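Here is the structure we will look at, set down as C-alpha cells.
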Amino acid sequence: MSQLVTGAGAVVSVGEGVDEVFSALCAGTSGLGELRGFDPDRYRGRHAYEIDDRPGPGADVPGRATAWLLRAVGEAARQAGLGEDLSGVPVLVGTGLRELRSAELAWRDGTAFDTGGRLHFGTALRERFGAEHTHTFAGACSASLYALALGSDLLTTGAEDTVIVAGVDTLTESMYGLLDRVNAEPPDRVRPFDRERRGVLMGDGAAAVVLRREESGARSGALGRLRAVSMNCDARHVTAPDAQGIVRAVHEAQQRAGVTPGEIDLVLLHGTGTHLNDSAEATAIAEVFGADVTTPLMTAIKSMTGHTSGSSGLVSLIVALKSLTSGRVPPTLGLTDPLPEAADFRFVREPYPADVEGLRFAQIDAFGFGGVNAVAIVERAS
C-alpha cells in the first residue's frame, strides 16, 4: 500500500495553518497557559493548552471544535486542489469527545445547542462544504489514526479515489475534572518521558489530511506517502496501556509498510507525560527497535500542544511529513532526565538550528483508553 497525502490543515494552541504550527513547534513554542474557558477555582490544576479564541477569561461559546475542524478541512482541501465543493469526497472524523463542550454549556448555562444534529460533525460539514458522505468516529486518543486506517482502506479497495481524514477535540470541564482527580499532584506542564513527569494536561486541536490513490495521477505537490496504518485493541485495562499491545501494533505497521526498525528515521511518540503511558510506550519501542533504538530521532510534541486527544495522532502525522520534507524536527520540551526505559532513545531536546539530512521514513504512535492502539508509517515525497 502506498497512498499520497496531497493536502493538510491544522489548528492547535501554538498556531493555525500547517506552516505556522510547524514553525512554532520547531522553535520550541509552547501553547501552555492559564485556564480560560471555565472556573479554575474548581480544580487543583490551573493550566491547559487551549486555542485562545474565546471572548475572555471564564467565557465560552458553543461550536468551537466544529469551527476548528471546518478550518482544518478547508485548508487541506484547498492545498489538495479540491476547492470548496466536497460533495463527492468522503470525510472521516476521529474524535474523543465530539462537541461535548457545547453540550456542557447548554446544560449549565442554557446556551442553545442542537445535541441531536451538532454533537457529531456531519451537519456542519454538509452545510459548509456540501459533504454528503461523512462519518464521526468517537474513539479515544487514537481516533484520528483509526479514521486514517479506514480512509486508507477505502482507497485500497477501490471504493474511493480521494478521501479526507480529520480529527478534532476540545477541552471539556468533565474530562478536565476527571484528569484533575487522577493525578497525584496537578501537573503544571506536560513533560513526556521525563523522570519528574506528573501527568497529562489537555489541549485543543484539529487536523485534516487529503489522501489519494497514487495511481490516480495526483503526484505533483504531494506532502508525502502513507505507507501503512495498523490498529488493534488489546483491551487489557481501561487506562493502563499494555506494552505488548503496543509492540504488536508497531510490528504490524512496519511489516505492512515493508520497512525494518533500522529504516525508521523519525518517531513521533504518543508521549502523554503520564507515568503509565510513557513507561509502557518506551518499553514497547525499546523492544521493537532493539539494537536500532539509537538510530531514529524521537520527539513528543504534546510537550508543546498538550494532549489534543482524538486529533493528536493526525497532528503528529502532519508534523512528521513536514519534518521529512524539511529536515527540521520539533523538540520534546521539558525533557531533562529520561526515564530508564527510554535512556537510549535519540530524543530531540532542543530546537534544531539546521536541517537533518536523509530523513525518509517516520513512525507515528497513538494510543487510547482501553488499549486502542494505532501506528502509522509515512514516507517522504519523492
Side-chain angles (χ1 to χ4, degrees), residues 3 5 7-12 18 51 64-77 86 89-101 118-125 129 131 133-155 160 162-172 175 202-211 226 228-233 249 253 268 270 272 301-302 305-321 364-378:
Q3 295 153 357
V5 180
V11 186
V12 293
V18 168
I51 294 173
R64 293 169 66 241
T66 299
W68 307 328
L69 174 68
L70 297 180
R71 298 206 295 269
V73 168
E75 180 186 6
L86 302 180
V89 181
V91 184
L92 313 179
V93 183
T95 181
L97 300 173
R98 299 181 285 174
E99 267 290 2
L100 179 58
R101 178 56 181 155
R118 302 285 175 176
L119 193 58
H120 62 81
F121 303 102
T123 301
L125 288 164
F129 299 108
H133 308 289
T134 67
H135 303 274
T136 299
F137 303 99
C141 308
S142 56
S144 59
L145 289 196
Y146 260 62
L148 185 71
L150 294 171
S152 176
D153 285 349
L154 289 175
L155 302 185
E160 301 290 344
T162 303
V163 297
I164 294 178
V165 180
V168 65
D169 261 310
T170 186
L171 270 72
T172 67
M175 179 58 77
M202 302 306 293
D204 297 325
V209 297
V210 176
L211 276 185
L226 176 65
V229 189
S230 74
M231 57 185 188
N232 68 31
C233 180
L268 270 290
H270 188 58
T272 62
I301 63 172
K302 290 181 182 65
T305 65
H307 193 345
T308 59
S309 193
S311 69
S312 62
L314 212 53
V315 172
S316 288
L317 184 136
I318 291 170
V319 170
L321 289 172
I364 300 94
D365 295 349
F367 314 123
F369 287 162
V372 183
N373 306 311
V375 177
I377 306 292
V378 294

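Owing to the predicted nature of the structure, the values given are computational and were not obtained by experimental measurement. As a basis for the values below, the full set of heavy atoms in this structure was taken, side chains included, without hydrogen atoms, waters or symmetry mates. Numbers here are sequence positions counted from 1.
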Between Ile318 and Ala208 the two heavy atoms that sit nearest each other are CD1-O, 3.7 Å
- Item | Within-4.5 Å side-chain heavy-atom neighbours: Gln3 and Ser152 | yes
Rounded to the nearest 0.5 angstrom, the CG-NE2 distance for Leu125 and His120 is 10.0 Å
In this structure, NE2 of His133 is separated from CG of Leu154 (nearest 0.5 Å) by 11.0 Å
**Asked** Asp169 and Thr95: side-chain donor and acceptor closer than 3.5 Å?
**Response** yes
Here the gap from His307 atom NE2 to Cys141 atom SG, rounded to the nearest 0.5 Å, amounts to 3.5 Å
Are any of the side-chain heavy atoms of Thr170 and Ile51 separated by less than 4.5 Å? no
*asked:* Is there a side-chain contact between His270 and Ser312 in this structure, where contact means two heavy atoms from C-beta onward sitting under 4.5 Å apart?
replied: yes
Only residue of Val163, Leu211, Asp153 satisfying side chain to side chain contact (heavy atoms under 4.5 Å, CB included) with Leu148 is Leu211
Output for pair (Phe121 CZ, Leu92 CG), nearest 0.5 Å, gives 13.5 Å
**Contact check, side chains of Leu150 and Phe137, non-hydrogen atoms, under 4.5 Å** = yes
Here the gap from Leu155 atom CG to Thr162 atom OG1, rounded to the nearest 0.5 Å, amounts to 7.0 Å
- Query: Just wondering, do Val12 and Val315 contact through their side chains at under 4.5 Å, heavy atoms?
  - Reply: yes
Notebook entry, point to check: Does Ser311 reach the main-chain N or O of Ala207 with its side chain, forming a donor-acceptor pair under 3.5 Å?
Noted result: no
From CA spacing to verdict: side chain to side chain contact (heavy atoms under 4.5 Å, CB included), Tyr146, Val229: CA-CA 8 Å; Tyr146 260 62; Val229 189; over 6 Å; no
In terms of heavy-atom contacts, Glu75 and Ala10 come closest through OE1-N, 3.1 Å
Between Thr305 and Thr308, do the side chains contain an N or O donor and an N or O acceptor separated by less than 3.5 Å?
-> no
I'd like to check Asp204 versus Leu171 (side-chain heavy atoms, cut-off strictly below 4.5 Å). Are they in contact? yes
Between Ala374 and Ser142 the two heavy atoms that sit nearest each other are CB-CB, 4.1 Å
Heavy-atom closest pair (Leu317 atom, Ala376 atom, distance to 0.1 Å) is CD1-CB, 4.0 Å
With the side chain counted from C-beta on, respond yes when Val93 and Thr134 share a heavy-atom pair under 4.5 Å apart, and no when they do not.
no
Note to self: Could you go through Thr66 and Arg118, starting from their C-alpha distance and side-chain angles, then the distance that decides it, and tell me whether this counts as side chain to side chain contact (heavy atoms under 4.5 Å, CB included)?
What the structure shows: CA-CA 9 Å; Thr66 299; Arg118 302 285 175 176; 5.8 Å; no
Shortest non-hydrogen pair, Leu86 vs Ala77, comes out as CD2-CB, 4.1 Å
Of all heavy-atom pairs linking Val165 and Leu314, the shortest is O-CD2, 3.4 Å
The reported gap from CD in Glu99 to CG in Leu69 (rounded to nearest 0.5 angstrom) is 9.0 Å
